[in-house]
2 protein chains.
Amino acid sequence: MGRSKKASDGYHHGDLRAAVIRAAVELIAERGHAKLSLRECARRAGVSHAAPYRHFPTKDALLVAIAAEGFDELYRAGLAAMEGLDDPRDRLDAYGVAYVRFAVQHPVHLRVMFTAELEGCPEDLGREAFELLEHTAVAVVGPGVDPRAAAAAAWSLPHGLSMLILDGRIPAEVVADEAAVEALARSVYALWRGPLGGAG
Amino acid sequence: MGRSKKASDGYHHGDLRAAVIRAAVELIAERGHAKLSLRECARRAGVSHAAPYRHFPTKDALLVAIAAEGFDELYRAGLAAMEGLDDPRDRLDAYGVAYVRFAVQHPVHLRVMFTAELEGCPEDLGREAFELLEHTAVAVVGPGVDPRAAAAAAWSLPHGLSMLILDGRIPAEVVADEAAVEALARSVYALWRGPLGGAG
DNA sequence: TGTTCATGTTGGCAGTGTCAACATCGCATG
DNA sequence: CATGCGATGTTGACACTGCCAACATGAACA
């Protein structure tokens with residue numbers, strides 16, 4: 001039952017903050033967002049019911065921490081996916097596919113990231129990830145287009161697909177495993193490149 | 001303080017079911033999804049704390065009722081928007097714009113509709129709205145394309161845009177009022193028709 | 001007129017978020 | 001080495017919640 005690296009296994013936990021986050025993500029995955037309980041997190045981390053309050057002033061603060069974790073990882077996944085690609089459109093595609101991949105790999109995080117309603121949520125949460133997308137979109141559409149509209153358009157597609165998948169709105173066969181999801185994402189982009197988007 | 005149409009203003013309420021739903025939507029709009037409380041709904045409806053249980057066996061059942069209401073209205077909004085249009089692409093656009101309009105007009109409903117995680121949620125919740133979209137999308141892309149992929153692609157765009165707006169992820173100026181939102185939706189479609197989608 | 005049954009009420013239980021008061025221990029300072 | 005302080009964890013409490021069981025009311029039908 002190693003409690004992890006440093007800190008005696010006695011009174012103090014050692015890395016309770018991370019342990020609570022981990023427990024919360026597990027709990028949400030098991031029971032759903034609405035049934036998350038700080039006290040249950042504490043139990044799973046092996047501490048008393050009020051211990052998490054030393055690290056998170058409020059339940060919402062815990063969720064904000066999860067969201068921040070998610071945005072950070074999403075940003076890095078986007079960067080990694082676009083690495084080495086030069087054509088703006090290829091880069092945008094790559095980000096989009098990575099976005100959807102992130103969604104199925106970290107469904108709890110994505111859900112929490114876009115649940116807002118969180119009080120005390122820092123204004124610029126997720127800004128890096130957003131700006132990366134906006135710049136990529138602007139590079140595709142050129143300088144004549146309102147960047148905010150370009151960003152909204154480029155963001156909506158992978159975001160919508162991700163949310164629909166998380167909500168179980170996409171038939172199960174089409175999202176059976178990670179490869180299937182990636183294929184779906186690519187074909188969604190292809191459709192908007194082709195018959196859905198192209199000239200009629 | 002007329003309690004509405006029939007039913008004496010005494011022991012029995014008359015239309016408690018609808019009153020509870022109304023109160024729940026208000027409450028979520030004010031305090032957020034997570035802080036919805038059946039007891040507070042009961043208070044606002046002017047009944048005792050357990051009265052809602054005569055109409056909803058569980059809190060989730062109340063949310064399912066709200067979602068059903070939303071899907072029904074979304075379906076009818078889509079139908080109305082496409083009425084009189086013949087070109088499949090125009091019809092798909094019209095549905096999409098109506099989808100986003102619905103989102104800003106009924107943010108609570110849309111949020112609840114796509115929160116899933118609801119236990120005892122009927123399998124085919126929202127099927128009408130979905131099938132309408134799928135048929136419209138298939139009419140655009142033709143018979144050679146997997147209908148599930150076509151539906152996913154056509155659905156992702158308005159859904160993603162709606163969710164981003166509800167989450168406050170789109171700059172406030174761009175979604176200041178209903179007209180601005182509609183203009184944004186149209187320009188998102190135009191971008192995927194043009195520089196984002198078209199041949200480079 | 002009398003009974004039934006949907007609807008509403010009261011009271012209670014276990015669980016929750018949050019707070020205040022207290023306990024323990026690592027660490028820097030003498 | 002002693003000491004005391006601040007970060008971290010504990011205990012106990014409060015108001016609130018979802019849900020349940022037992023009871024009350026009254027509208028509609030026999």
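The model shown is predicted, which means the values in this text are computed figures rather than measured ones. Throughout, protein chains are lettered first and strands after them, A, B, ... in sequence-line order, and every chain is numbered starting at 1. The figures here come from the full heavy-atom set of this structure, side chains too, leaving out hydrogens, waters and symmetry mates.
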Which angle, to the nearest 10 degrees, lies between the helix axes at the two ends of the helix from C:dT1-D:dA30 to C:dG30-D:dC1, each defined by five pairs?
->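 Helix axis angle between the two ends: 0°.
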
In whole angstrom, what separates [X]'s [atom1] from [N]'s [atom2]?
X: A:Arg17; N: D:dG9; atom1: CZ; atom2: P; answer: 12 Å
X: A:Phe56; N: D:dT8; atom1: CZ; atom2: C1'; answer: 14 Å
X: A:Leu63; N: C:dG17; atom1: CG; atom2: P; answer: 11 Å
X: A:His13; N: D:dA7; atom1: NE2; atom2: P; answer: 20 Å

A:Asp124 side-chain N/O to A:Arg127 backbone N/O, donor-acceptor pair under 3.5 Å |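 Side chain of A:Asp124 to backbone of A:Arg127: no pair is present.
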
Donor-acceptor contact below 3.5 Å, side chain A:His106 vs main chain A:His109 =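 The answer is no, because no donor-acceptor pair under 3.5 Å joins these two groups.
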
Carboxylate-amine/guanidinium contact B:Lys35 A:Asp60, below 4.0 Å |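 Yes, charged N to carboxylate O under 4.0 Å.
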
Salt bridge flag under 4.0 Å for residues B:Asp93 and B:Arg89 |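 No, this pair does not count.
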
Of the non-hydrogen atoms in A:Val188 and B:Ala149, which two are nearest, and what is the gap between them?
->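 Of all heavy-atom pairs spanning A:Val188 and B:Ala149, the closest is CG2-O, 4.4 Å.
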
Least distance between heavy atoms, A:Val25 atom then A:Val108 atom =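 Looking at all heavy atoms of both residues, the shortest contact is O-CG2, 3.8 Å.
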
Keeping to residues at least two apart or across chains, list the ring-ring contact (aromatic ring centres under 6.0 Å, His included) pairs with something in residues 113-141 of chain B.
->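 Checked against ring-ring contact (aromatic ring centres under 6.0 Å, His included) - neighbours excluded - the pairs reaching residues 113-141 of chain B are B:Phe71-B:Phe114, B:Phe114-B:His159, B:Phe130-B:Trp155.
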
Qualifying residue for side-chain contact (heavy atoms from CB on, under 4.5 Å) with A:Pro107, from A:Leu166, A:Asp167, A:Ile165 =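 One option only clears the test, and that one is A:Leu166.
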
How does protein reach along nucleotides 15-21 of chain D, written 5' to 3' as B (base within reach of a heavy atom under 4.0 Å), S (only sugar-phosphate), or - (no contact)?
-> --SBBB-

